[in-house]
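Just so we're on the same page: letters track the sequence lines, and every chain starts at 1. Remember, predicted model here, so these are calculated numbers, not experimental data. All heavy atoms count here, side chains included; hydrogens, waters and symmetry mates do not.
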There are 2 protein chains.
Amino acid sequence: MSLIGTKWKPLVLFHLLEGPLRSGVLQKKVPEISNKMFTQTVRELETYGLISRKVFPVVPPKVEYRLSARGKSLGPILQSLDQWGFEDCGLS
Amino acid sequence: MSLIGTKWKPLVLFHLLEGPLRSGVLQKKVPEISNKMFTQTVRELETYGLISRKVFPVVPPKVEYRLSARGKSLGPILQSLDQWGFEDCGLS
DNA sequence: GCAATAACTTACTTAAAAGTACTATAGTTG
DNA sequence: CAACTATAGTACTTTTAAGTAAGTTATTGC
């Protein structure tokens, strides 16, 4: 379960639950993430087949990320985790 | 969510879902874990209030771990994760 | 009195994750 | 033609997680 065994993957997946987002927007939803970790994270999620990456050949570049079917199947789990985090106060 | 953001915490919690276990038994359920990481993991889980630790003042020592109410509330999530891991093949 | 026991601890080392800072791309705008 | 854009890559450092190996405790049983 190296999907959740990182600081950022669950967060990124979580923000995609509501729908596809382009790279910049997604990254702004996770303000503390460094540029490097962001691309690294989405690349790994893509490798695992949890999200798909769609590149529009325009300038400046435009890239959109969306959950794959497999990624969507994580939805309930991510939401449970999120909810659990709120219910049971600050664990950090 | 530093509960799952580690290699061992989810595993240890998972094994406690079925009921309390004494230290040695729990550790054997996770054979690859090092001695140090085991105690460190249960200590942190205890600090987070997810498990409770019961010491029997006998020699040789006997210690039992059980999920707290809060730990139990993670049950469904842990099981979903476990199931998800099986369904969707090898992710490492 | 010395080994065995179960649970832990401590000091030290290695490996993995994350952060910082800088560079690349290629059209568009001024 | 230089600056700006959005996305990504790379080299290097720091931080954090995990592993190894040894030691501690207090009793029992030989």
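When each of C/dA7, D/dT27, C/dA18 is scored by its nearest atom to the side-chain atoms of B/V59, the top-ranked nucleotide is D/dT27. The side chain of A/S23 has D/dT7 as its nearest neighbour among C/dT9, D/dG19, D/dT7. Comparing atom distances between the A/N35 side chain and each of D/dG9, C/dT9, C/dG19 picks out D/dG9 as nearest. Closest to the side chain of A/R43, out of C/dC8, D/dA8, D/dA18, is D/dA8. Here the nucleotide nearest the side chain of A/W8, chosen from C/dT9, C/dG19, C/dA7, is C/dG19. Comparing atom distances between the B/P61 side chain and each of D/dA8, C/dA6, C/dT9 picks out C/dA6 as nearest.
Closest approach of A/I51 to A/V42, counting heavy atoms only: CD1-O, 3.5 Å.
Atom NZ of A/K62 and atom P of D/dC4 are 24 Å apart (whole Å). If you take CD of A/E32 and P of C/dT20, they are 12 Å apart, rounded to a whole angstrom. The nearest whole Å value for the distance from the NZ atom in A/K54 to the C1' atom in D/dT7 is 17 Å. A straight line from CD of A/Q27 to C1' of D/dT5 spans 15 Å, rounded to a whole angstrom. For the pair B/Q40 CD and C/dC8 C1', the computed distance is 12 Å after rounding to whole Å. As rounded to whole Å, 13 Å separates atom C1' of D/dA8 from atom CD of A/E46. Distance, B/F56 CZ to C/dC8 C1': 17 Å, rounded to whole Å. Distance, A/F38 CZ to C/dA21 C1': 19 Å, rounded to whole Å.
Atoms CG and CG, from A/L17 and A/D82 in turn, are 9.0 Å apart once rounded to the nearest 0.5 Å. Rounding to the nearest 0.5 Å gives a distance of 9.0 Å between CG of B/L50 and NZ of B/K9.
Remark: A/K7 is in phosphate contact with C/dG19, judged by side-chain N or O atoms under 4.0 Å from OP1 or OP2. Dashed line: the shortest gap from a side-chain N or O of B/R22 to OP1 or OP2 of C/dA7 is under 4.0 Å. Dashed line: the shortest gap from a side-chain N or O of B/Y65 to OP1 or OP2 of C/dC8 is under 4.0 Å. A/R53 has no side-chain polar atom (N or O) that falls below the 4.0 Å cut-off from OP1 or OP2 of D/dT7.
Between A/K36 and A/V42, the residue whose closest nucleotide on DNA chain D is further toward the 5' end is A/V42.
No more than 12 heavy atoms of other residues, nucleotides or ligands lie within 6.0 Å of CD in A/E18, so this atom counts as exposed by the packing criterion.
Remark: side-chain polar atoms of A/R53 are not paired, donor with acceptor, to backbone N or O of A/R66 under 3.5 angstrom.
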